[in-house]
Amino acid sequence: MPVAETGDPSRLDELIDERRAKARALRDAGIDPYPVGVRVTHALEQVRREYDGRLEPGEGSGAQVSVGGRLVARRGHGKLVFLVLREGDTDLQVLAALDTLGPEAMARVEDLDLGDWVGVAGEVVRSRRGELSVQAGTVTLLGKSLRPLPDTWHGVRDVETRFRQREVDLAINADARRVVRIRAAAIAALRAEYADRGYVEVEGPVLHTQAGGALAKPFVTHANALDLDLYLRIALELHLKRLVAGGMTRVFEIGRVFRNEGLSPRHNPEFTMVESYEAYADYHDIMDLTQALLQRAAVEAVGTTALDHDGGKVDLGGEWPRRPLLDLVRAATDRPGLSYDTPAEELRALAAAHDVHADPAWGPGKLVLELYEKLVEHTLWDPTFVVDYPVEVSPLARRHRSDPHVTERFELIVAGRELANAFTELTDPDDQRARLEAQARARAGGDEEAMAVDESFLRAMEFGMPPMGGLGIGVDRLVMLLADVQTIRDVILFPTLRPER
RNA sequence: GGGCCGUUAGCUCAACGGGUAGAGCUCCGGACUUUUAAUCCGGCGGAGCGGGUUCGAGUCCUGCACGGCCUACCA
């Protein structure tokens with residue numbers, strides 16, 4: 001009837017109208033299509049676990065269960081109907097027989113639609129063909145589905161649907177559920193490893209009065225009560241270091257950070273980082289920590305350190321090599337004599353020879369880093385700690401104990417991508433102030449990503465900090481590696497998209 | 001920000017040099033008491049939005065929207 005009202009309804013509208021009509025008919029019969037107070041005795045997964053390997057084909061268990069799930073398949077045989085319920089990753093068959101249910105209940109089973117949430121109470125049996133099933137004694141509609149789901153055979157491939165309507169993706173695509181579980185297990189493993197090492201989990205502020213701790217453009221928002229512009233955090237670093245100054249000698253935080261920059265298969269404006277700080281540790285200790293964290297995350301999330309990735313293999317097992325950044329650039333450019341004392345003009349010429357863009361304002365450190373990023377980083381496949389980054393590009397890292405040109409900093413590269421960034425932290429307040437002031441000058445010169453001088457942070461440092469090592473891990477990229485997916489949008493449940501129209 | 005590409009039924013995909021758009025699944029009607037992509041018979045349903053060229057446009061041109069890839073940017 002709404003067909004005439006809307007004039008030219010789409011097929012989808014017709015399908016929805018049919019389902020609404022069924023819901024209406026149920027209400028008219030005194031049945032709530034959205035009931036409450038339903039209890040189940042077993043998750044579907046529990047039924048499978050308890051009866052896997054038990055019961056002969058055609059045998060009944062005598063045990064009664066009450067289960068729930070989404071109806072994802074139906075095979076009708078007239079007086080016998082096979083239903084398949086899905087709950088999470090588990091599917092379980094239901095036998096609905098006219099003999100057992102009677103004509104009235106059987107008619108309501110016939111009226112169920114794929115996508116409906118359904119409760120079934122009955123005996124656990126094995127069908128004649130050997131499929132573990134529940135022989136339905138009662139069938140209850142738990143939640144009427146008004147909108148047809150994509151068919152379970154083909155799934156949903158359209159990426160826009162998958163990202164915008166993640167509920168559909170999860171309901172239909174087992175791989176989407178797999179990634180969610182890997183993510184959860186990896187994060188749980190990181191927490192467990194930190195807990196085992198005596199770290200305390202903390203939560204810093206998300207709203208900052210100035211954005212610091214990384215080089216990135218922030219999002220700006222406004223606090224009405226304070227009539228104050230605030231910035232969404234771009235890193236966790238500065239507040240965590242203040243906590244160490246306060247005597248919290250081992251702290252970590254897992255949290256969302258926000259960077260107002262471009263989107264790409266590897267960048268989402270909001271993403272998840274874990275950062276940790278450990279008093280008395282240096283970057284060598286943090287490399288050991290990083291290796292332990294990621295190896296544990298791999299084992300607990302996917303069961304092995306030998307990962308399939310992007311058509312190849314990546315093994316996170318064993319000891320990971322530690323390679324000075326300058327050595328890597330020397331090798332890549334075939335210039336063994338290269339150093340941070342090499343004149344900038346010569347480095348610029350070298351960059352030009354390798355088609356690497358070089359800004360005239362850059363000094364030797366930045367030029368060497370640029371050469372590394374363009375020539376070397378993407379070539380590092382197995383886990384590699386790249387160590388000793390130039391001072392001028394590392395404003396929060398301590399100078400190297402024996403080389404004034406570089407800092408005690410490393411990045412972990414796996415499969416050509418940065419997974420972690422860490423250093424022996426700078427704890428000298430005067431050195432820190434000088435570095436931040438250099439950043440502030442760059443900022444005044446138009447560099448929107450340069451840091452500002454954070455007086456609260458400097459004051460904390462002036463009270464005195466223990467020596468410490470700090471670590472930041474990109475959780476999304478870690479999950480991409482573990483789950484073998486190529487876009488960050490596959491590991492973030494609701495990635496940033498333009499609004500649909 | 002720039003370049004290239006995509007958008008066909010609820011889902012997954014076709015076709016054609018510009019000439020009435022096909023299939024499978026889903027859905028609707030029917031048969032069927034052990035199927036599991038059940039099967040069998042019958043049926044409904046479609047070109048992202050807007051302009052233009054043309055006798056005629058899903059197809060050619062163009063604007064817009066959304067998306068993808070590359071690039072730029074990016075600790």
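The figures here come from the full heavy-atom set of this structure, side chains too, leaving out hydrogens, waters and symmetry mates.
The residue A:Glu261 sits close only to the backbone: its heavy atoms come under 4.0 Å of sugar-phosphate atoms, none of a base. Contacts of A:Ile16 with the nucleic acid, taken as non-hydrogen atoms under 4.0 Å apart, are absent. No contact: A:Glu373 has no heavy atom under 4.0 Å from any strand. Looking at heavy-atom distances under 4.0 Å, A:Arg259 makes contact with sugar-phosphate atoms alone, never a base. In this structure, A:Lys22 reaches the sugar-phosphate backbone alone: every heavy-atom distance under 4.0 Å involves primed, P, OP1 or OP2 atoms, never a base. Among the protein residues, A:Pro57 comes within range of no part of the nucleic acid, since none of its heavy atoms lies under 4.0 Å from any strand. When heavy atoms are screened at a 4.0 angstrom cut-off, A:Val393 is found touching base atoms of the nucleic acid. If you check every strand for non-hydrogen atoms under 4.0 Å, A:Ile172 touches nothing. A:Pro395 comes within contact range of at least one nucleobase, with a heavy-atom separation under 4.0 Å. Using a 4.0 Å heavy-atom cutoff across all strands shown, A:Arg409 reaches at least one base atom of the nucleic acid.
Side-chain polar atoms of A:Tyr372 and A:Glu370 form no donor-acceptor pair below 3.5 angstrom.
In this structure, A:Arg164 reaches the B:G67 phosphate: one of its side-chain N or O atoms is under 4.0 Å from OP1 or OP2. For B:C25, the OP1/OP2 oxygens have no side-chain nitrogen or oxygen of A:Arg75 closer than 4.0 Å.
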Candidate pair A:His405 and A:His400, rule ring pair (Phe, Tyr, Trp, His ring centres under 6.0 Å), full reasoning: CA-CA 8 Å; A:His405 299 97; A:His400 196 279; over 10 Å; no
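Taking a pair to require two hydrogen-bonding distances under 3.5 Å in either a Watson-Crick or a G-U wobble arrangement, B:U7 pairs with B:A65.
Nucleotides B:C73 and B:G2 place their C1' atoms 12 Å apart, quoted to the nearest Å. With C1' as the reference atom, B:G18 and B:C61 are 13 Å apart, rounded to whole Å. Nucleotides B:A57 and B:A21 place their P atoms 13 Å apart, quoted to the nearest Å. On the C1' atoms, B:A23 is 16 Å away from B:C44, given to the nearest whole Å. Going from the P atom of B:G10 to that of B:A47 covers 9 Å, rounded to whole Å.
Comparing B:G68, B:A38, B:G67 by their closest approach to the side chain of A:Glu160 singles out B:G67. Considering only side-chain atoms of A:Asp113, the nucleotide from B:U33, B:C28, B:A75 that sits closest is B:C28. Nearest to the side-chain atoms of A:Glu18 among the listed nucleotides B:U26, B:A75, B:C28 stands B:C28. If you check B:A75, B:U36, B:G67 against the side chain of A:Glu411, the one that comes closest is B:A75.
What separates CZ of A:Phe163 from C1' of B:C69 is a distance of 13 Å, to the nearest Å. The distance from atom CG of A:Leu263 to atom C1' of B:A72 is 14 Å, rounded to the nearest whole Å. Rounded to a whole Å, the CD atom of A:Glu110 is 12 Å from the C1' atom of B:G30. Separating the CG atom of A:Leu396 from the C1' atom of B:A75 is a distance of 11 Å, rounded to the nearest angstrom.
Rounded to the nearest 0.5 Å, atoms CG (A:Leu471) and CG (A:Asp285) are 12.0 Å apart. The OG1 atom of A:Thr384 lies 8.0 Å from the CG atom of A:Leu328; values are rounded to the nearest 0.5 Å.
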Just the atom pairs and distances: protein N or O near nucleotides 9-12 of chain B's N or O, under 3.5 Å.
{"residue": "B:G10", "atom": "OP1", "partner": "A:Arg11", "partner atom": "N", "Å": "3.4"}
{"residue": "B:G10", "atom": "OP1", "partner": "A:Leu12", "partner atom": "N", "Å": "3.2"}
{"residue": "B:C11", "atom": "O2'", "partner": "A:Gly155", "partner atom": "O", "Å": "2.8"}
{"residue": "B:C11", "atom": "O2", "partner": "A:Asp151", "partner atom": "OD2", "Å": "2.8"}
{"residue": "B:U12", "atom": "OP1", "partner": "A:Arg157", "partner atom": "N", "Å": "3.0"}
{"residue": "B:U12", "atom": "OP1", "partner": "A:Asp158", "partner atom": "N", "Å": "3.0"}
{"residue": "B:U12", "atom": "O3'", "partner": "A:Arg157", "partner atom": "NH1", "Å": "3.2"}

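Ring geometry for A:Phe258 against A:Phe219 counts as perpendicular: the plane angle is over 60°, on a 0 to 90° scale with 30° as the lower cut.
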